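Ligands are counted one by one from 1 in listed order, and the atoms in each one are counted from 1 as well. Residues take their numbers from the sequence shown, with the count starting at 1. Owing to the predicted nature of the structure, the values given are computational and were not obtained by experimental measurement.
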Amino acid sequence: MDLSSMNASPVLADSSPINQTILGFHSSVFSRSISKKKPGNLDDVRFNGWLDAMQSSSPPRKSMLKDIATELASDDSDLVYYSWMLRYPSALKSFHHIINRAHKKKIVIFLDYDGTLSPIVDDPERAFMSIDMHSAVKGVAKYFPTAIISGRSRDQVSELVGLTELFYAGSHGMDITFPAKDTNPISHTNCIRSTDKQGKEVNLFQPAREFIPMINEVFRTLVEVTKDISGAFVENHKFCTSVHYRNVDEKCWPMIAQCVHDVLKDYPRLKLTHGRKVLEVRPLIDWDKGKAVEFLLESLGLSNTSGVLPIYIGDDRTDEDAFKVLREGYRGYGILGKHTAVLSYVYMAGTFLQCLQERVIDGRTCLSVVVAVDLAPNQHSRRHHLIRRRVGLGGPLSSGVGLAAPF
Ligand SMILES: O=P(O)(O)OC[C@H]1O[C@H](O[C@H]2O[C@H](CO)[C@@H](O)[C@H](O)[C@H]2O)[C@H](O)[C@@H](O)[C@@H]1O
C-alpha cells in the first residue's frame, strides 16, 4: 500500500448527492424537520433496492436451521452446493495447501467478530464467544499476530473478546489501536498517541474522528424515530451507527427502512450499508475493512508480502473488502462462511484456528490434525455432515466479488 497517499485524509472531498445507497442530509436541517417525523411514503425504500437487500441480508434464525438441513438433503441443493464448493473449496480440507504456502512465512490472522467468532443471536448485546473459541483465539495469538476487525465499536468488541494481546479495529476499521513503537514505519495525519486501558502507550488511528458529533446526532435521531417500532434497536459505535431489524416483524421492515432513509436523505457525508439484518450508517470516507487490513500490516511492519501470509476469516459483506485486498497479487487467504451456515461457521472458524496452533505446538502434519478435528464430533450425523460441507475457502457473498487466492 502506498502510504504516502494515506497521509491525506480519506474523507472524500466530493459531497455531492449521490446514488441510491449513499444518502444524507445536513445536520442543521435535521433537528428541525426529522426528529418527530413518521415515515410517510415508503416508495423510496421499495424502489431503491433497500428492501431487497434487507430481505437477503442474513442467514435464518437458529430455529430455522433444522429446515435448512432438510432442504439441503435434496438433490438440487446438493448440486448448487457442490458447484459452489468446486469454485471455493473447504478451508479445512485445504488446510495443508495453506500451510504449505505459509512455509517460512509469517502468518498474520485477521478475524471478524459477529458470525465468525460468536454465533449470530437475536440480542447483539449477548453475542458471546464460546470458551472453546476464546481459547482457540488466545492460542493462535500466542504464535501469530492476531487482529479483530469488527463493525462494533472498538471498546465493545475488545471487551467481548477480552484478550489484551490482540489488535483491535472497531467501527469497520475506522478505529484502530496498535503498539506505539519508534520503529512503526507509519506516520499518518490521523494517527495520535494515546494510552490503552492497561496504561500502555499505543497509536490510535481514527480517520473519521471529525464525524463523531454527527454520528452522535444521527444516533439520537434514529433512536427517536424508531422507538415505536417493536423490536428495532439502534447501537452507537462511535464512528458508525447500526439500526437492527432482526427482531422487527417483517411487515414493518419497509417502515424502518423509510425511517432511516428519511433521517439520512440530507446528510451528504454519510452513507448506508447493509449487514446481517442491520442497516449501518457510516461516514462517506474511503475506508473499509480491507483498508484496515493494509493499514495494520503496514503499521506492524508486516507488509512485506513475500515473507508474510495474511489470513482473514469473516462471514459478512463488509469482510469482502478485506478478501479483495488479500486476493490481489495472491497475497493471502480470505476464508468465508456461506450465509446459511452461521452456527457451523463459527465452529469451523474455531476449528481452523485450533488447527493452526496445533500445527505449531506438536509439529504433527497439518492434514492429520485437520481430519481428526473435522470428523470427530458427530461423525455419523447427517446434519453435521451437511453443515460441514457448507463452509468454503473464499467465495462471494454478493455477486461480482471473487475471493481468496486459488491454489
Ligand atoms: O463486523 P462484525 O464484527 O461482524 O459486526 C457486524 C455487526 O455485528 C453485530 O450485529 C450482528 O450480530 C448480532 C449478534 O449476533 C445480530 O443480532 C445482528 O442481527 C447482526 O447484524 C453488531 O450488533 C453490529 O453493530 C455490527 O455492525
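Using a 4.0 Å cut-off to heavy atoms of D122, the atoms of ligand 1 that qualify are 17 (O). Atoms of ligand 1 lying under 4.0 Å from at least one heavy atom of R246, given by number and element, are 16 (C), 17 (O), 18 (C), 19 (O). With ligand atoms numbered from 1 in the order given, ligand 1 contributes 3 (O) to contacts under 4.0 Å with heavy atoms of Y113. Near S242, with a cut-off below 4.0 Å to any heavy atom, the atoms of ligand 1 are 24 (C), 25 (O), 27 (O). Heavy-atom contacts of E280 reach the following atoms of ligand 1: 26 (C), 27 (O) (cutoff under 4.0 Å). Using a 4.0 Å cut-off to heavy atoms of E235, the atoms of ligand 1 that qualify are 22 (C), 23 (O), 24 (C), 25 (O). Ligand 1 places these atoms under 4.0 Å from at least one heavy atom of V278: 21 (O).
Contact check on D112 versus K289 returns a salt bridge, with a Lys/Arg side-chain nitrogen under 4.0 Å from an Asp/Glu carboxylate oxygen. By the 4.0 Å N-to-carboxylate-O rule, R331 lies close enough to E294 to be salt-bridged with it. Remark: K291 does not engage E298 in a salt bridge, criterion side-chain N to carboxylate O under 4.0 Å. Under 4.0 Å is where a charged nitrogen must lie from a carboxylate oxygen, and between D114 and R276 no such pair does.
Taking any N or O of I120, backbone or side chain, none lies under 3.5 Å from an N or O belonging to ligand 1. For ligand 1, one of its N or O atoms has an N or O atom of V121 under 3.5 Å away. Between D112 and ligand 1, a contact under 3.5 Å exists for at least one N or O pair. For ligand 1, the polar-atom distance check against D316 finds no nitrogen or oxygen pair separated by under 3.5 Å. Between T318 and ligand 1, no N or O atom pair is found at a separation short of 3.5 Å.
Qualifying side-chain hydrogen bond (donor to acceptor under 3.5 Å, both in side chains) partners for Q156, counting only residues two or more places apart in sequence or in other chains: R152.
Residue pairs satisfying the ring-ring contact (aromatic ring centres under 6.0 Å, His included) criterion with at least one member in residues 145-172, sequence neighbours excluded, are absent.
Residue nearest to atom 1 (O) of ligand 1, selected from R317, Q156, R152, K289: K289 (by heavy-atom distance).
Relative orientation of the F295 and F205 rings is parallel, given thresholds of 30° and 60° on the angle between their planes.
Contact analysis puts P119 in contact with ligand 1, with a non-hydrogen atom separation below 4.0 angstrom.
No more than 12 heavy atoms of other residues, nucleotides or ligands sit less than 6.0 Å from atom NZ of K138.
Between the side chains of H244 and E235, a donor-acceptor pair is found at a separation under 3.5 Å.
Contact annotation: for A127 versus ligand 1, heavy atoms closer than 4.0 Å belong to the side chain alone.
A side-chain hydrogen bond (donor to acceptor under 3.5 Å, both in side chains) with N216 is found for exactly one of N236, T241, T221, namely N236.
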